[in-house]
Amino acid sequence: MARVLSGVQPSGEMHLGNYLGAVRQWVSHQQEHDAYFCIVDLHALTIEIEPQHLRERTLDAAVNLLAAGLDPALCTVFVQSQVPEHPRLTWLLECTTAMGELRRMTQFKDKGRGQEDVRVGLFTYPVLMAADILLYDAERVPVGDDQRQHLELARDLAQRFNQRFGTTFVVPDAAIPQVGARVMDLQHPERKMSKSVSSPLGTIGVLDDPADIERKIRKAVTDTDGDVRYDPSTKPGLSNLLDIFAAASGRRPQEIASEYQRYGDLKRDAADAVIELLRPVRERHGEYSADLSGVRAVLETGARKAHEVASATYLRAAEAVGLLMR
Ligand code: TYM
């Protein structure tokens, strides 16, 4: 069985972009793959966060992943900081990474823009992400489109390490969905839906109640030409709604566009499709949040399993670079 790994930051409620771009793929991957899913709490430290919030959100993220359909009998769900090999391998990889490679990362440029004291952790963030992936010999990494560049770096680092120190890592491939890989903000369709940018009307949470989802889609920014057509460059708001509708219903956005004459009708049916898509997530969320000790037990087992794989890979890498083994 091919190995799959992916991760999500515990930085607030899971939104529709996370779900359509990544987590929904994880749920289907767990059936036919040896799948590892990681809540990346160390990555969340790269921006200011209250310690108590971080702890709560880490547990919330686990509840949300289980509610979204990850089944601990089929996959391994764990918290990054509970497997100490992640920062250990990061160091080995940092010692093979050039500053210029990290300076080119668009996410670093976006997040660091306007900040006076950019943290070193924000700069080296993609190397930690590469370590997350390479520790598990992951062949496939299901992510949204915004992680494409980070995946390229992980591939480069793996190839370079293998060339310099002998074959140590599996070179991973990104698995990016055809539709839903880039869900945009409903109020600002030129930027992606995100939990770090505060845009309450622009972001649909996977736990939003149906009335909120309906309201947010009804108020979504479109345009004034009144023509229902899929054209992301000239009609970004409407095309985003078509993308969301398509991803929620398993159809093509162009095909959906051809069936509507009025924005209002399209919005109504898109909202219904999203509400139905998220209904089971909301229902299961109630069950898991009432059993936090059960969720903690899932994470405990997950960390143990993840550690077994990660420690073997780390030792291989440490020996390859010439560290003296005990
Ligand atoms: P994060 O926590 O920002 O997002 C988790 C996943 O959701 C996807 N995503 C989106 N997809 C479509 N439309 C959107 N608007 C949208 N917003 C987010 C992301 O592409 C991602 O797949 N660096 C990663 C976490 C990470 C990771 C890893 C991922 C750390 N280590 C190892 C894969 C493998 C991040 O910040 O994702």
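Note that the structure is a prediction, hence the values are computed from the model and not measured. Residues take their numbers from the sequence shown, with the count starting at 1. The analysis underlying the following values was restricted to heavy atoms, covering all of them including side chains, and did not include hydrogens, waters or symmetry mates.
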**Asked** When you look at Thr106 and Gln149, which way does the side chain to side chain donor-acceptor pair (under 3.5 Å) test go after all the steps?
**Response** CA-CA 8 Å; Thr106 52; Gln149 197 186 26; 3.1 Å; yes
Give a yes or no on whether [X] and [Y] share a hydrophobic cluster (residues Ile, Leu, Val, Met, Phe, Trp, Tyr; joining criterion: side-chain heavy atoms under 4.5 Å apart).
X      : Y      : value
Leu128 : Leu92  : no
Leu70  : Val79  : yes
Tyr136 : Val141 : yes
Leu66  : Leu59  : yes
Val179 : Tyr230 : no

Residues [X] and [Y]: side-chain donor-acceptor under 3.5 angstrom:
X      : Y      : value
Asp71  : Gln30  : no
Tyr260 : Asp269 : yes
Asp41  : Ser81  : yes
Glu56  : Gln52  : yes
Asp231 : Ser233 : yes

**Asked** Just one of Arg140, Arg155, Arg3 clears the salt bridge (charged side-chain N to carboxylate O under 4.0 Å, His left out) bar with Asp173, so which one?
**Response**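 Of the listed options, the one satisfying the test is Arg155.
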**Prompt:** Per the side-chain contact (heavy atoms from CB on, under 4.5 Å) rule, which among Asp243, Val221, Asp223 passes with Leu238?
**Reply:** Asp223
**Item:** Criterion side-chain contact (heavy atoms from CB on, under 4.5 Å) against Ile204, the qualifying member of Ile244, Val183, Ile217
**Value:** Ile217
Does atom [atom1] of [X] have more than 12 heavy-atom neighbours, drawn from other residues, nucleotides or ligands, at distances under 6.0 Å?
X      : atom1 : answer
Glu255 : CD    : yes
Arg164 : CZ    : no
Gln115 : CD    : yes
Gln31  : CD    : yes

Quick check for you: to the nearest 0.5 Å, what is the distance between [X] atom [atom1] and [Y] atom [atom2]?
X      : Y      : atom1 : atom2 : answer
Lys235 : Asp225 : NZ    : CG    : 3.0 Å
Ser249 : Ile256 : OG    : CD1   : 4.0 Å
Met184 : Leu16  : CE    : CG    : 13.0 Å

**Request:** Measure across Lys216 and Pro200 and return the closest heavy-atom pair with its distance rounded to 0.1 Å.
**Result:**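 Smallest interatomic distance, heavy atoms only, reads CE-O, 3.2 Å.
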**Prompt:** If you take all heavy atoms of Pro126 and Met105, which pair is closest and at what distance?
**Reply:** CG-CG, 3.9 Å
Do the non-hydrogen side-chain atoms of [X] and [Y] ever get within less than 4.5 Å of each other?
X      : Y      : value
Leu102 : Thr124 : yes
Tyr125 : His43  : yes
Val228 : Arg262 : no
Thr222 : Lys267 : yes

**Request:** Before accepting this row, confirm whether a basic side-chain N of the pair Glu50/Arg57 lies closer than 4.0 Å to the acidic partner's carboxylate O.
**Result:**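 Looking at Arg57 together with Glu50, the answer is no, because their closest N to O distance does not fall below 4.0 Å.
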**Salt-bridge criterion met for Arg218 and Glu214 (N-O under 4.0 Å)** = yes
**Message:** Could you walk me through whether Gln80 and Asp132 satisfy the side chain to side chain donor-acceptor pair (under 3.5 Å) test, starting with their C-alpha distance in whole Å, then the side-chain angles of each, then the deciding distance to 0.1 Å, before giving a yes or no?
**Reply:** CA-CA 8 Å; Gln80 183 189 37; Asp132 298 339; 3.0 Å; yes
**Message:** Looking at Lys219, is its backbone amide N or carbonyl O close enough to the side chain of Gln187 to form a donor-acceptor pair, meaning the two atoms are under 3.5 Å apart?
**Reply:** yes
**Request:** Kindly say whether Ala2 contributes a backbone atom to a donor-acceptor pair with the side chain of Asp34 at under 3.5 angstrom?
**Result:**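 Checking the backbone N and O of Ala2 against the side chain of Asp34, no donor-acceptor pair under 3.5 Å is found.
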**Prompt:** In terms of ring plane angle, is the pair Phe37 and Trp26 parallel, tilted or perpendicular, where the classes change at 30° and 60°?
**Reply:** parallel
